[in-house]
Novice: 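Following this message is one structure expressed as structure tokens.
What's counted below: heavy atoms across the whole structure, side chains too, no hydrogens, waters or symmetry copies. Quick note on labels: first sequence line is chain A, next is B, and so on, each numbered from 1.
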Protein chains: 2
Amino acid sequence: MKPETLPLFAGTKDAKLALLALLPRKAEYPRGARLLSAGEKCQSIGILLSGGADIVREDAGGDPVTVAHIGQGELFAESFACSGEPLTVSVVATLPSLVLWLSAERLLSGAEPQVTANALRLFARKNLYLTQRIEHLSRRTLEQKVLSYLRSVRRAAGTNTFCVPFDRQGLADFLGCDRSALSAVLSKLKRKGVIDYHKNSFRLL
Amino acid sequence: MKPETLPLFAGTKDAKLALLALLPRKAEYPRGARLLSAGEKCQSIGILLSGGADIVREDAGGDPVTVAHIGQGELFAESFACSGEPLTVSVVATLPSLVLWLSAERLLSGAEPQVTANALRLFARKNLYLTQRIEHLSRRTLEQKVLSYLRSVRRAAGTNTFCVPFDRQGLADFLGCDRSALSAVLSKLKRKGVIDYHKNSFRLL
DNA sequence: TCCGATTTGTTGTAATTACAACGGATTTTT
DNA sequence: AAAAATCCGTTGTAATTACAACAAATCGGA
């Protein structure tokens, strides 16, 4: 994936130049490598050019929890880098990965205005995504969580039949529940005639 | 609350000027008024100068749910305004309120760089806050949710004794559970000697 | 201080969910 | 094609939680 084609540089006259202003560094990591560790302060925004990684919380009291997955082209650690807070999570490569590191300081001052505006938009979008997930997670019962989620996907798709970007385990993680409990709720909803589904294709009536 | 003293304008040479570049409009709302309605596209970022408001989701299938409260000095609708997405929630005044509306378009291009940088930092912080809440909400049991939350407050406070900024009902809403169930879990943890508390002052051992 | 209102804890019950185990289906690898 | 691995739904059980109702404690005026 070419850095200049990233959404962050959309609309710039010279993406290459805009990129250089952010002091880019590329780094390769083997599978299993730690890109960042909890407790550090990080000055750089990460962009995963290729490969895959997990954001992991290793809590003192509890066992480690995978908070999110990072796919190709996605930003990570941007909030920590831009807010100056130390990391509360670690980032671990699940595949051999190529990472582009960009200076957060430069992004905050000294970058092309178009790039900063893009960043603001990206941050806003992520906020919306997080807020939506919170709305699903806040429902009291699993059935409500599932319906809240399916309705949000339907709204985004604009059709009653749509696909979800998860397998069952992924959806269970996203909704903060057990996979088999999710399966049970889904088939109950199917029996009740509220939804229909096959694999990750759903219909909401 | 004076607009020029807002964090958004911190570090500007002339806060008044920086404010004017964002085409500010002030508006007053009586208690119960809708500041924004789901489905609209909003071009403006809201800042609550005084009063109080709730962010409410009115779902087709379910009853309305209060997603968040907005207090004095807080931003709202900023993510929708900056990303261009239509609102999925409504905003309702719970008290007579004074709102400062600022042009999102201007913030994205044409604002003082310092202001844009401040916005980026604020968005980043909100991001972290939302992510943390998701981590709590994702735990499987209420006990884990509570401990996850209390540990995060302890980490922020740096001491084993600390106060939480919620009453019980507020904490229950934040953790997505029933208030009495929360009370029950808290006293179980107290009996087990894991925590101690009185009102909203907690000690985590 | 007294009263009313609000907040918080407790109890009981019904419903929900986690968890583990298993079997069938599907996919991938050899 | 066979074997292995993964994914998915089902079942049973124990634990958890929602929910409603109520009692105790706390708070805020009058």
Side-chain angles (χ1 to χ4, degrees), chain A residues 31 52 54 59 61-66 69 94-95 135-150 163-203, chain B residues 52 54 59 61-66 69 94-95 135-150 162-203:
Chain A
R31 185 184 152 143
D54 279 353
D59 224 340
D63 30 18
V65 182
T66 294
H69 305 281
T94 54
L95 298 170
E135 287 173 25
H136 310 320
L137 285 169
S138 298
R139 310 316 275 251
R140 294 294 164 80
T141 71
L142 186 43
E143 179 173 314
Q144 288 176 325
K145 289 179 192 180
V146 170
L147 288 175
S148 170
Y149 172 70
L150 290 179
C163 287
V164 304
F166 294 116
D167 61 11
R168 288 288 176 281
Q169 182 62 60
L171 185 54
D173 289 342
F174 185 79
L175 296 179
C177 69
D178 180 70
R179 181 194 57 78
S180 70
L182 172 61
S183 274
V185 166
L186 284 175
S187 39
K188 192 178 77 175
L189 286 172
K190 187 193 270 190
R191 268 200 312 279
K192 288 205 290 183
V194 181
I195 66 172
D196 196 11
Y197 62 91
H198 177 67
K199 291 217 15 151
N200 63 345
S201 162
F202 285 77
R203 193 156 56 96
Chain B
D54 279 352
D59 224 341
D63 30 18
V65 182
T66 294
H69 305 282
T94 53
L95 298 170
E135 286 174 26
H136 309 321
L137 285 169
S138 299
R139 309 317 275 250
R140 293 294 164 82
T141 72
L142 186 44
E143 179 174 315
Q144 287 177 327
K145 289 180 194 181
V146 169
L147 288 175
S148 171
Y149 172 69
L150 290 178
F162 48 83
C163 288
V164 303
F166 294 117
D167 60 10
R168 286 289 176 280
Q169 183 62 60
L171 185 53
D173 290 342
F174 186 79
L175 295 179
C177 68
D178 181 71
R179 181 195 57 76
S180 71
L182 173 61
S183 274
V185 166
L186 285 174
S187 39
K188 192 178 77 174
L189 286 171
K190 188 193 269 190
R191 267 200 312 280
K192 288 205 290 181
V194 181
I195 66 172
D196 197 11
Y197 62 92
H198 177 68
K199 292 217 12 151
N200 62 347
S201 162
F202 286 77
R203 194 155 57 95

Novice: Taking atom P of dT10(C) as reference, at what distance in whole Å does atom CG of L182(B) sit?
Specialist: 12 Å
Novice: Locate the shortest heavy-atom distance separating H136(B) from F174(B); write the atom from each residue and the value.
Specialist: CD2-CE2, 4.0 Å
Novice: What contact category does D178(B) fall into here, base, sugar-phosphate, or nothing, at under 4.0 angstrom with non-hydrogen atoms?
Specialist: base
Novice: When you measure from the side chain of D167(A), which nucleotide among dC7(D), dA20(D), dA18(D) comes out closest?
Specialist: dC7(D)
Novice: Just compare dG9(D), dT10(C), dA18(D) and give me whichever is closest to any side-chain atom of S183(A).
Specialist: dG9(D)
Novice: Measure the shortest side-chain to side-chain distance between D196(A) and K190(A) over non-hydrogen atoms and say whether it is less than 4.5 angstrom.
Specialist: yes
Novice: Closest to the K188(B) side chain: dC7(D), dT16(D), dA18(D)?
Specialist: dT16(D)
Novice: Residues two or more places apart in sequence or in another chain: which of them pass side chain to side chain contact (heavy atoms under 4.5 Å, CB included) with T141(A)?
Specialist: E143(A), Q144(A)
Novice: With a 4.0 Å limit, can you tell me whether R168(A) has a side-chain N or O closer than that to the phosphate oxygens OP1/OP2 of dG9(D)?
Specialist: yes
Novice: Check every atom of dA18(C), dC8(D), dA21(D) against the side chain of C177(A) and return the nucleotide holding the closest atom.
Specialist: dA18(C)
Novice: Choose from dT11(D), dC27(D), dT10(C) the nucleotide whose nearest atom is closest to any side-chain atom of S180(B).
Specialist: dT10(C)
Novice: Would you mind telling me which of dT10(C), dT16(D), dT16(C) lies closest to the side-chain atoms of T141(B)?
Specialist: dT16(D)
Novice: How many whole angstroms separate atom CG of N200(B) from atom P of dC27(D)?
Specialist: 11 Å
Novice: Q169(B) CD to dT6(C) C1': how many Å, rounded?
Specialist: 12 Å
Novice: Donor-acceptor pair, R203(B) side chain versus F162(B) backbone, under 3.5 Å?
Specialist: no
Novice: Check whether any side-chain nitrogen or oxygen of R179(A) sits under 4.0 Å from OP1 or OP2 of dC8(D), and answer yes or no.
Specialist: no
Novice: For the pair made of NZ in K145(B) and P in dA15(D), what is the distance, rounded to whole Å?
Specialist: 20 Å
Novice: Do any pairs count as a salt bridge (charged side-chain N to carboxylate O under 4.0 Å, His left out) and have a residue in residues 164-186 of chain A, sequence neighbours left out, and if so which ones?
Specialist: none
Novice: Nearest-Å distance, CZ (F166(B)) to C1' (dT6(C))?
Specialist: 19 Å
Novice: Within this structure, what is the CG-to-P distance between L171(B) and dT7(C), rounded to whole angstrom?
Specialist: 14 Å
Novice: So, OP1 or OP2 of dT10(D): does either fall under 4.0 Å of a side-chain N or O from S187(A)?
Specialist: yes
